[in-house]
> 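Handing you this structure, nothing more for now.
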Number of protein chains: 2
Amino acid sequence: MTPAQPTRDRLLDAAERLFAEHGFDGASMRTITADAGANLAAVNYHFGSKSALIHEVFGRRLAPMNVARLQLLDAVLEETAQRGEDRPTPRAVLRAFLAPALSLGRQEGREFFVLIARAHSSPHPELQAHIVNQFAEVAVRFGAALQLALPSAAREDLFWSMHFTVGALCHTVVNTQLLTLMSEGLCTDVDEDAVLERLVAFVAAGMEGGLDS
Amino acid sequence: MTPAQPTRDRLLDAAERLFAEHGFDGASMRTITADAGANLAAVNYHFGSKSALIHEVFGRRLAPMNVARLQLLDAVLEETAQRGEDRPTPRAVLRAFLAPALSLGRQEGREFFVLIARAHSSPHPELQAHIVNQFAEVAVRFGAALQLALPSAAREDLFWSMHFTVGALCHTVVNTQLLTLMSEGLCTDVDEDAVLERLVAFVAAGMEGGLDS
DNA sequence: GTCTATATGGGGATAGAC
DNA sequence: GTCTATCCCCATATAGAC
């Protein structure tokens, strides 16, 4: 009868799922603790407040995802050097950025990515601040790598391109069911590798082509 | 002392502003009616419920924006025909789709567009349904126009491209302050025409280039 | 660490006078 | 159409026994 996971982890899992389903305001401590098979007071005991719980839900996933991004980027740069080429392709860099996000959506934290997208447009300033902090290093490293991949591009252009890319990514991860609806079932996200390649192709072309004209 | 606008309109204005600032759950009927200089019971009298108020806030802006999109699209197609060309350029079609959205953000309803983006990832299914309904005709007309502009593209590819485009658009309208932050002031949205052209260039290139490879 | 019971506050909605 | 007063519910958080 003893649960396999400690209460703290069960609370995080339940919170993640219910926040994704009902929103941060829509999921109450009552439903979260009930879903986790814990007592109503458990959240306050383990985290201190609901706000702190939200914070932890994000921290638990964002850190590993960004580590994966940086590792993939290192691999891309290393492989480029081994081949004796002086710069990576934009596609390779962009894939390193996008793949961990999409693959997070396919594993354990499928619901979690909804939360990231929602946090981007959240009225709670603490959430936006949290994201900015977590992404700061990633933004710097990938900004530099893209500048290397596209030496003739202005820094300003690269920032804008990354901005559009993040937008397409978030919308893709969160709202593909809406696309499925509008395309009457033609477009689905069952083949996530195919989605990744579509997205990479789109933003890479946008980035290279958008700069010329 | 009599207010220039009827209570109903003042309620809609206040609701739009406060929803944008504090979210749909964060802005209460009490703060909305107070901000509008109306009585607490006014929302229920004029709209029936808070949910119906939200519905009206969206309807008031979405309808004109989508009308503008369709008019611009008609103008593009007409001009194409006058020139004796058999198909419009993807850029022209995409500009007709994107311009009304960005220009809405520059006029009266600057705060409103935050709400659209938030509705996309909202846990309230009624909001998503509302958007789908309002966009149905636009999606069909622009889908056909893009197919005309890019005859060799598969329908599936066009749907995905439009999906990425909407994502980039929403993120741009809502979160450019976040970009300004990350770029340390290099990128701003003060010149909205320039933003539009950047976005058009990006998604047009993504659409044309993403299909080939 | 976990539970019960409760404090405290705010929410949406409505009845009924004006 | 507008106002007051109020109903009723649910939220977060905590105190204190176990």
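Below, chains carry the letters A, B, ... as their sequence lines are ordered, and counting in each starts from 1.
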> From C-beta outward on B:Ala41, which listed nucleotide comes closest to its side chain: D:dT12, D:dT4, C:dG1?
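Nucleotide nearest to B:Ala41's side chain: D:dT4.
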> Please test A:His130 against A:His55 for side-chain hydrogen bond (donor to acceptor under 3.5 Å, both in side chains), starting from the C-alpha separation and ending with a verdict.
CA-CA 8 Å; A:His130 198 266; A:His55 203 264; 3.2 Å; yes
> Parallel, tilted or perpendicular: which fits the ring planes of B:Phe58 and B:Phe24, with parallel below 30° and perpendicular above 60°?
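Tilted.
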> Using a strict 4.0 Å threshold on nitrogen-to-oxygen distance, state whether B:Arg141 and B:Glu137 make a salt bridge.
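Between B:Glu137 and B:Arg141 there is no salt bridge, as every charged N stays at least 4.0 Å from the carboxylate O atoms.
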> Once you round it to whole Å, what is the distance between C1' of C:dG12 and CG of B:Asn44?
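Spelled out: CG on B:Asn44 to C1' on C:dG12 is 7 Å.
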> If the cut-off is 4.0 Å, is A:Ser28 near the phosphate of D:dA11, judged by side-chain N/O to OP1 or OP2?
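The answer is yes; a side-chain N or O of A:Ser28 sits under 4.0 Å from OP1 or OP2.
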> Is the phosphate of C:dT2 approached by A:Thr7 (side-chain N or O, under 4.0 Å from OP1 or OP2)?
yes
> Rounded to the nearest Å, what distance is computed from the NE2 atom of residue B:His46 to the C1' atom of nucleotide D:dG1?
6 Å
> What nucleotide, of D:dT14, C:dA13, D:dA13, holds the atom closest to the side chain of A:Ser49?
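Shortest atom-to-atom distance from the side chain points to D:dA13.
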> Once hydrogens and angles are ignored, does a donor-acceptor distance under 3.5 Å link the base of C:dG10 to the side chain of B:Arg30?
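A donor-acceptor contact between them is absent.
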> Here's a test of your reading of the structure: between A:Ala42 and B:Phe24, which maps to the more 5' nucleotide of DNA chain C?
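Comparing both residues, the 5'-ward one is A:Ala42.
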> Answer yes or no: does a side-chain N or O of A:Asn39 lie under 4.0 Å from OP1 or OP2 of C:dG1?
no
> Give the rounded distance in Å between these two atoms: NE2 of A:His124 and C1' of D:dT12.
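For the pair A:His124 NE2 and D:dT12 C1', the rounded distance is 14 Å.
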> Using the rule given for salt bridge (charged side-chain N to carboxylate O under 4.0 Å, His left out), can you reason through B:Arg198 versus A:Glu156, listing the C-alpha separation, both sets of side-chain angles and the distance that settles it, and then say yes or no?
CA-CA 11 Å; B:Arg198 269 183 198 286; A:Glu156 189 186 359; 3.3 Å; yes
> Nearest to the B:Tyr45 side chain among C:dA5, D:dG1, C:dG12, which nucleotide is it?
D:dG1
